2 protein chains.
Amino acid sequence: MIKEIINSKYPISKNSLNEIESLVELVDYGKGETFIKKNRRNLKEYFLLEGVCKSYLINPEGEEITISFFNEKSILSPYTTRTQDEISVINFQALTNTKLATIDAKEFERLMIDNLEIRNFGNTVLRNELSQKVEKEIGLASLTAKERLLKFREQFPMLENLIPHTDIASYLGITNISLSRLRSDLAR
Amino acid sequence: MIKEIINSKYPISKNSLNEIESLVELVDYGKGETFIKKNRRNLKEYFLLEGVCKSYLINPEGEEITISFFNEKSILSPYTTRTQDEISVINFQALTNTKLATIDAKEFERLMIDNLEIRNFGNTVLRNELSQKVEKEIGLASLTAKERLLKFREQFPMLENLIPHTDIASYLGITNISLSRLRSDLAR
DNA sequence: CACTTCCATTAACAAATGATAAAATCGTAT
DNA sequence: ATACGATTTTATCATTTGTTAATGGAAGTG
């Protein structure tokens, strides 16, 4: 399962794969559980085996802002990009019941240093993280809300019927009322 | 000069600094020059010593979308985050005459592998890149255009009188006409 | 079953932003 | 100084999005 996820990003040899798999631990989280908390210590990398997650922040008005969604069989944002001095700078929540594989981030860093394949894999994940952000940024800056919704549907086909629309609305940068309007608009 | 820039992000020892400085080459680019071109080979890391730059992309409508601005004495987006298979995925342009220090990206990667301080420095730059994107994303998703303009002014105090407003407007996700309205609004 | 709570939808109005066109301003070259 | 071209501002109208409030439905609870 992890093999499948890794190979979908950057294929690596059987050996390298074994190095990673020897470090893996499995964890389950229930629907609604926030398993990476902002301002709390966290030292893990995550593979999302089953279920759906989001990352989010609280804005100055106290509202939850969805930053990203994560589909089944994907990799959550790399440790380096969401952690400062071993303290998380963002929240991750299970939107459904989930199964995750975790690796100690320091041990994975060591693997990246020692093993070129794993390093390339890690850097690919990193770059993908960035380019997704750039793409979302471009969307927010230059698409209408309707276009952003259509793009969201392509990227996360099942989510609209699975999770609260409030989460989707804040991801799209609109109110949930606007989202509802767009939905009925697109339905006819 | 490079010392100053590095230490402002993540202070490192004299030794590590020398390792970096031994690899540096200086380059100048004139106002308007696009010195990293999308779909072109690029293998460098960049320190911006003097002048101002932007990164940008062309959207499907053929319009330039400004992704980020870079102030004097800062570090441009790390190689890994803007490059795939040694080919750039984004453009960088000098908005004024600029002086840059460059390092071969592969050699810098080697330094990161061999030297813990430099690795920490590199990862800090990477994380900063990400968190700036997240912050901008939140801004686009949950602030009004007027609030985004005010934030832009805090972050880039001189830019509004220095570069074409079209560049700023696309960065803020509005038309240049809206930008003009907001300017006159805020002026009274 | 009645009741609550949470979400999603709808309506009506206000505010913000976009599109188009026309005027004003600025910098630069002649 | 003048003229040109590019940029910025202003004006007008259309569209999109936000705000507030009311309504309806689904799921869970006593």
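Every value quoted in this text rests on a predicted model; they were computed, and no experiment measured them. Labels below follow one simple rule: chain letters A, B, ... track the order of the sequence lines, proteins then strands, and each chain is numbered from 1.
The residue A/L179 sits apart from the nucleic acid: no heavy atom pair falls under 4.0 Å.
Among the nucleotides D/dT8, C/dT17, C/dT10, the one closest to the side chain of A/S184 is C/dT10. Comparing C/dG18, C/dT10, D/dT10 against the side chain of B/S178 picks out C/dG18 as the nearest. Comparing atom distances between the B/S180 side chain and each of D/dT17, D/dT9, D/dT20 picks out D/dT9 as nearest. In the set C/dT17, C/dA21, C/dG18, C/dG18 carries the atom at the smallest distance from any side-chain atom of B/T175.
Regarding A/L162, its CG atom lies at a distance of 18 Å from the P atom of D/dA26, rounded to whole Å. Rounded to an integer number of Å, the gap from A/L143 CG to C/dT17 C1' is 16 Å. Taking atom CD1 on A/I163 and atom P on C/dA8, their separation rounds to 9 Å, with Å as the unit. As rounded to whole Å, 14 Å separates atom P of D/dT16 from atom CG of A/L149. Between the CG atom of A/L140 and the P atom of D/dT17 there is a distance of 12 Å, given to the nearest Å. Remark: C1' of D/dT19 and CD1 of A/I174 are 15 Å apart, rounded to the nearest angstrom. Separating the CG atom of A/N176 from the C1' atom of C/dT9 is a distance of 10 Å, rounded to the nearest angstrom. Rounding to whole angstrom units, CD1 of residue A/I177 and P of D/dT17 are separated by 14 Å.
At a cut-off of 3.5 Å, with distance as the only test, a side-chain donor of A/N115 or A/S16 sits close to an acceptor on the other residue.
Each of B/T166 and B/R181 was assigned the nucleotide of DNA chain D with the nearest heavy atom; the assignment lying further toward the 5' end belongs to B/T166. Nearest-nucleotide assignment on DNA chain D puts the 5′-proximal partner with B/H165, out of B/H165 and A/T144.
For an aromatic pair to be called close, the ring centres must be under 6.0 Å apart, and B/F92 with B/F70 satisfies this. Between B/Y79 and B/F108, the ring center distance fails the sub-6.0 Å criterion.
Here the straight-line distance linking atom CD of B/E72 with atom NZ of B/K99 works out to 11.0 Å at 0.5 Å rounding. Distance check: B/I118 CD1 to B/I6 CD1 gives 8.0 Å after rounding to the nearest 0.5 Å.
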